[in-house]
Amino acid sequence: MRMEQMALHTDKYQINMMYAHWKHGTHRSRAVFEAYFRKLPFGNGFAVFAGLQRIVDYIRALRFDQQTLDYLAEQEEAYDPAFLEELRAFRFTGELAAVPEGTLVFANEPLLRVTAPILEAQLIETAVLNFMNYQTLVATKAARIRQVAGADTLLEFGTRRAQEADAAIWGARAAYIAGFDATSNMRAGMLFGIPAKGTHAHAWVQSHASEEEAFRRYIEALPAQSTLLVDTYDTLRSGVPHAIRIGQEMAARGERLAAIRLDSGDLAYLSLEARRMLDEAGLPDVRIVASNDLDEHIIFNLKAQGAAIDSWGVGTQLITAADHPALGGVYKLVEHEQGGASVPVIKISANPEKVTTPGAKTLQRIVNRRTGKAEADYLTLADEPDGWQSQRLKLFDPLRPYHYKYVEDYEAIPLLQPVIQDGELARPLPDLAAIRAYHRQQLGLFWPQVLRKLNPADYPVDLSQAAWDLKQRMLHEERDEDER
Ligand SMILES: Nc1ncnc2c1ncn2[C@@H]1O[C@H](COP(=O)(O)OP(=O)(O)OP(=O)(O)O)[C@@H](O)[C@H]1O
Ligand SMILES: O=P(O)(O)OC[C@H]1O[C@H](OP(=O)(O)OP(=O)(O)O)[C@H](O)[C@@H]1O
Ligand SMILES: O=C(O)c1cccnc1
């Protein structure tokens with residue numbers, strides 16, 4: 001997809017650090033950054049990774065054009081014109097490894113790893129996090145909604161309430177990855193190939209002399225796809241009876257009214273009454289769509305009340321991730337070239353959760369061959385020799401290493417896969433249909449206790465002995481340094 005000029009979709013401090021590196025001649029030193037989040041959103045037991053397509057499009061299109069360079073030249077920092085010439089020739093030349101979109105992911109594991117000259121790796125931090133945090137958040141919310149909706153149809157209706165246009169389309173895509181069936185946003189439909197679906201609004205009914213006339217004229221125009229919104233005046237006294245009359249007329253002509261939509265009031269009561277009325281009128285095939293500030297909690301409750309709803313239109317709560325409006329993903333330096341060698345680096349914090357895990361890492365999903373279920377995610381240092389995969393594996397909690405277990409008959413599935421190498425796409429990214437299928441398959445790898453939406457079980461994310469030892473050694477070295 002074509003991307004607009006995005007080079008300055010970054011925080012100024014990135015440009016300032018790039019400049020300072022350039023001034024000191026360190027801008028080509030190789031750096032390894034990893035992106036991860038520390039806390040799962042919505043109290044969920046997993047997140048659904050999304051955003052990679054946009055990240056890849058952005059990275060590959062990164063250029064500093066004349067307008068961008070002119071703007072940089074005006075800044076109060078008075079960047080050296082020779083730096084701007086360096087930027088004029090900018091291309092991303094590094095590597096990106098990432099987990100595939102649709103993967104179930106957890107806190108404190110690398111979802112992306114960038115290995116590049118530090119000038120390049122630093123520039124992309126802000127945008128990478130921007131895309132990853134939002135899309136992963138919405139995909140995760142969508143997965144929660146899919147979980148309660150079972151096999152019902154889920155329609156994404158959020159554009160009017162989304163935090164601007166990009167959020168609407170990329171949010172629609174994220175929702176589709178995690179199991180929504182369609183979006184109302186036509187642009188998302190066109191750009192991404194998501195099925196686009198729509199009913200009609202109250203304005204259609206209000207713009208006619210009567211509700212019945214409005215319904216009749218609507219189905220005359222769109223006989224095959226008509227869903228009639230029945231709550232403009234009085235759902236059970238007016239909307240549903242009028243829809244029934246239209247539905248019966250259609251049936252007499254050999255056509256079928258597709259559905260009615262409920263958009264206010266007690267959706268359990270109204271759907272059950274509407275279902276009864278439709279069935280009694282000989283229209284058991286007319287489906288019922290519901291909307292009105294729905295989320296996973298309300299859908300769960302409506303289903304528990306036996307609501308007769310076949311399709312759910314979900315907007316605001318999904319697209320704005322209203323109950324957890326940001327994923328706190330971070331992008332941390334884990335290794336940096338010093339004196340020709342790549343050296344692991346650590347960031348210490350008084351808060352143990354904020355201490356980084358040094359060294360470039362790989363991420364494996366340890367799947368028990370006997371049960372077919374994932375036991376843990378396992379981080380090794382990227383330079384650890386292969387071969388451990390065929391041995392008995394000790395899995396221990398990195399914060400409480402005396403909590404451990406052994407796994408014997410397992411498969412170690414590498415999750416961080418090469419996406420960009422030497423600035424070029426390593427292989428084509430999967431299409432949306434493949435991403436959705438992969439996401440469904442991912443769900444099958446986990447026990448229900450990890451997947452349940454209320455108080456899920458913790459899924460272990462463990463370090464290899466070598467990764468753990470490196471972290472402990474660097475923590476102690478830092479402390480010794482402080483005490484000197
Ligand atoms: N049976 C139900 N159980 C739980 N929640 C419900 C039920 N029926 C509807 N809801 C939800 O309760 C909320 C009611 O919204 P609101 O107070 O705006 O009432 P309304 O009748 O929809 O009015 P409006 O015409 O302003 O949309 C919505 O989020 C709706 O999805
Ligand atoms: O409720 P959401 O999950 O965000 O779904 C989208 C809403 O958008 C439309 O309402 P509209 O914007 O016409 O306003 P309304 O809230 O008065 O129904 C539609 O009728 C849904 O209710
Ligand atoms: O098609 C619909 O019914 C629809 C689309 C967007 C928002 N609300 C409803």
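Just follow the structure's listing: the first ligand is 1, and inside any ligand the first atom is 1.
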* Polar-atom distance check: Lys197 versus ligand 3, any N or O pair below 3.5 Å? -> no
* His200 to ligand 3: N or O pair under 3.5 Å? -> no
* Is the gap between the ring centers of Phe92 and Tyr58 under 6.0 Å? -> no
* How about Phe46 and Phe106: are their ring centroids closer than 6.0 Å? -> no
* To do: Say whether Asp70 and Gln66, considering side chains only, have a donor N or O and an acceptor N or O under 3.5 Å apart.
  => yes
* **Positive for side-chain hydrogen bond (donor to acceptor under 3.5 Å, both in side chains) with Thr126, one of Lys12, His9, Gln14** => Gln14
* Lys332 charged N/C atom sitting above Phe33 aromatic ring, 6.0 Å / 45° -> no
* Starting from the C-alpha separation in whole Å, work towards a yes-or-no answer on ring pair (Phe, Tyr, Trp, His ring centres under 6.0 Å) for Phe131 and Trp170. => CA-CA 9 Å; Phe131 305 148; Trp170 291 99; 7.6 Å; no
* **Qualifying residues under side chain to side chain contact (heavy atoms under 4.5 Å, CB included), relative to Thr199, sequence neighbours excluded** => Thr227, Arg261
Looking at [atom], what's its closest protein heavy atom, distance included?
| atom | result |
| --- | --- |
| atom 7 (C) of ligand 1 | Leu302 CD2, 3.7 Å |
| atom 3 (O) of ligand 3 | Thr199 OG1, 2.5 Å |
| atom 8 (N) of ligand 3 | Phe157 CD1, 3.6 Å |

* To do: State whether Glu296 and Arg146 are salt-bridged, where the test is any N-O pair (Lys NZ or Arg NE/NH1/NH2 against Asp/Glu carboxylate O) under 4.0 Å.
  => no
* Answer yes or no: is there an ion pair linking Arg365 with Glu411, defined by an N-O contact shorter than 4.0 Å? => no
* Subset of ligand 1 atoms that lie under 4.0 Å from at least one heavy atom of Gln305 -> 1 (N), 2 (C), 3 (N), 4 (C)
* Asked: Taking non-hydrogen atoms only, is Ile298 closer than 4.0 angstrom to ligand 1 via side chain, backbone, both or neither?
  -> side chain
* **Those protein residues which place at least one heavy atom below 4.0 Å from ligand 2** => Phe157, Arg160, Arg161, Arg261, Asp263, Asn292, Asp293, Leu294, Val314, Gly315, Thr316
* **N or O pair under 3.5 Å between Asn301 and ligand 1** => no
